[in-house]
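Computed over heavy atoms, backbone and side chain alike; hydrogens, waters and symmetry mates excluded. Here is the naming used below: chain letters follow the sequence lines, and residue numbers restart at 1 for every chain.
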Protein chains: 2
Amino acid sequence: MNDPPLFVLLNEISIIEHLARNRLERALPEGLRVSHFVVLNHLVRMGDGRSLVRIARAVQVERPAMTNTIQKLEARGLVTLEADPRDGRGKLVFLTPAGRAAREEAVAIAEAAIAPVAGDVSAAEVGVVLPVLRRLRAALDRARDDD
Amino acid sequence: MNDPPLFVLLNEISIIEHLARNRLERALPEGLRVSHFVVLNHLVRMGDGRSLVRIARAVQVERPAMTNTIQKLEARGLVTLEADPRDGRGKLVFLTPAGRAAREEAVAIAEAAIAPVAGDVSAAEVGVVLPVLRRLRAALDRARDDD
DNA sequence: ACCATATTGTTCGATATCGAACATATGGAG
DNA sequence: CTCCATATGTTCGATATCGAACAATATGGT
């Protein structure tokens, strides 16, 4: 079997993603899904007060999924919603203090979850790999827009 | 934000996986899911006549999901099931000619789907990145067993 | 040989995600 | 200003996945 190199790479990426996601999912507090964590993380890192669509696009899910995720986060008191003053259709998502705290806790859990494998891949290696993957991601993103 | 390097790497991997999966999902023939394609691919590459659990473990899904996937493949006439002569509990999965043909077609579709981004990552770069990711995958696999 | 334990494939209930469709709101073309 | 295409958030129906639990079979220790 000589599949194209990129094919093999994506296959490996797919497996790693699945393993890492499952591992994180089990480590997170009861009821806090990876998808929730991803949104909290995004809001902390990129800033809150963003619309649902914008967040959805950033984390690669469709709008209905984001509606669901945000409703769960709101029910937990981790985010609040406000009407967008500039757009009557939009809602803006804001982190609550509890939301920021939950994100901190989840990050600590995530780091602990990957600690056992951290020794197998050095920071230097990540430094080599990461730029290539970023380029790959950018290319996939561009290809998506072209469809 | 200075997250640990491995954390950033896994985050990037997660995004790439999602983009690539969505892209492939849309390109595949109606009703043929990525999960189905993964199983067909596995059977061709690693050999058929394997049990459900064995396939499930290899492609990182739980047994109920594999039961579902195999039933769909069987309904499409892409695989057949036989009782394991050595184990009264087991079933062995065999590819049909139609299954092999469907796999060939799906591989061609998958290659076409990633062709637009193939130019952005050279084979040499894949050669550099792949060993690191394989090591990461192996480490995650080991960590899973340790739980 | 027997019984406890593990394994296999399955069913069941819960949940997340998706695509399609909808109501509402925006904004540009005429 | 009016009207139509577009965008936003939501609801709905379908589907895949998971964890738990189950029946049937294997396996290993005594």
Nearest whole Å is fine: how far is C:dT15 C1' from A:N68 CG? 8 Å
Side-chain N,O (A:K72) to OP1/OP2 (C:dA16) below 4.0 Å: yes
Distance col, row B:L133:CG vs A:L133:CG, nearest 0.5 angstrom, shows 6.0 Å
Base, sugar-phosphate, or nothing: which does A:D84 touch, judged by heavy atoms less than 4.0 Å apart? nothing
Output the rounded distance in Å from CD (B:E82) to P (C:dG9). 14 Å
What is the separation between atom CG on B:L73 and atom C1' on D:dA16, rounded to the nearest whole Å? 13 Å
Who are the side chain to side chain donor-acceptor pair (under 3.5 Å) partners of A:R21, not counting sequence neighbours? A:E17
Rounded to whole Å, the NZ-C1' distance (A:K91 to C:dT24) equals 12 Å
Has the side chain of A:R89 got a donor or acceptor atom sitting under 3.5 Å from an opposite partner on the base of D:dA7? yes
I need the A:L95 CG to A:R103 CZ distance, nearest 0.5 Å. 9.5 Å
Phosphate OP1/OP2 of C:dT17: any A:T67 side-chain N/O under 4.0 Å: no
OP1 or OP2 of D:dT17 under 4.0 Å from side-chain N/O of B:S35: yes
Give me, pair by pair, the N or O atoms of the protein and of nucleotides 18-21 of chain C that are less than 3.5 Å apart, along with how far apart they are.
| unit_1 | atom_1 | unit_2 | atom_2 | d |
| --- | --- | --- | --- | --- |
| C:dC18 | OP2 | A:E62 | N | 3.0 |

A:I55 CD1 to D:dT10 P, in whole Å, measures 11 Å
Report the distance from atom CG of A:N11 to atom CZ of B:R137, rounding to the nearest 0.5 Å. 8.0 Å
Minimum side-chain heavy-atom gap B:R142-A:D120 below 4.5 Å: yes
From A:E111 CD over to B:F7 CZ, what is the distance, rounded to the nearest 0.5 angstrom? 6.5 Å
A:R50 CZ to D:dT8 P: how many Å, rounded? 14 Å
Does the side chain of A:R135 come within less than 4.5 Å of A:V132's, by heavy atoms? yes
Need to verify one output field. Residue with the more 5' nearest nucleotide on DNA chain D, B:G31 or A:R57? A:R57
Given atom CZ of A:R21 and atom P of D:dA16, what is their separation to the nearest angstrom? 18 Å
Would you mind reading off the distance between B:L52 atom CG and C:dT7 atom C1', rounded to a whole angstrom? 13 Å
Kindly say if A:Q71 contacts the phosphate of D:dT11, meaning a side-chain N or O under 4.0 Å from OP1 or OP2. yes
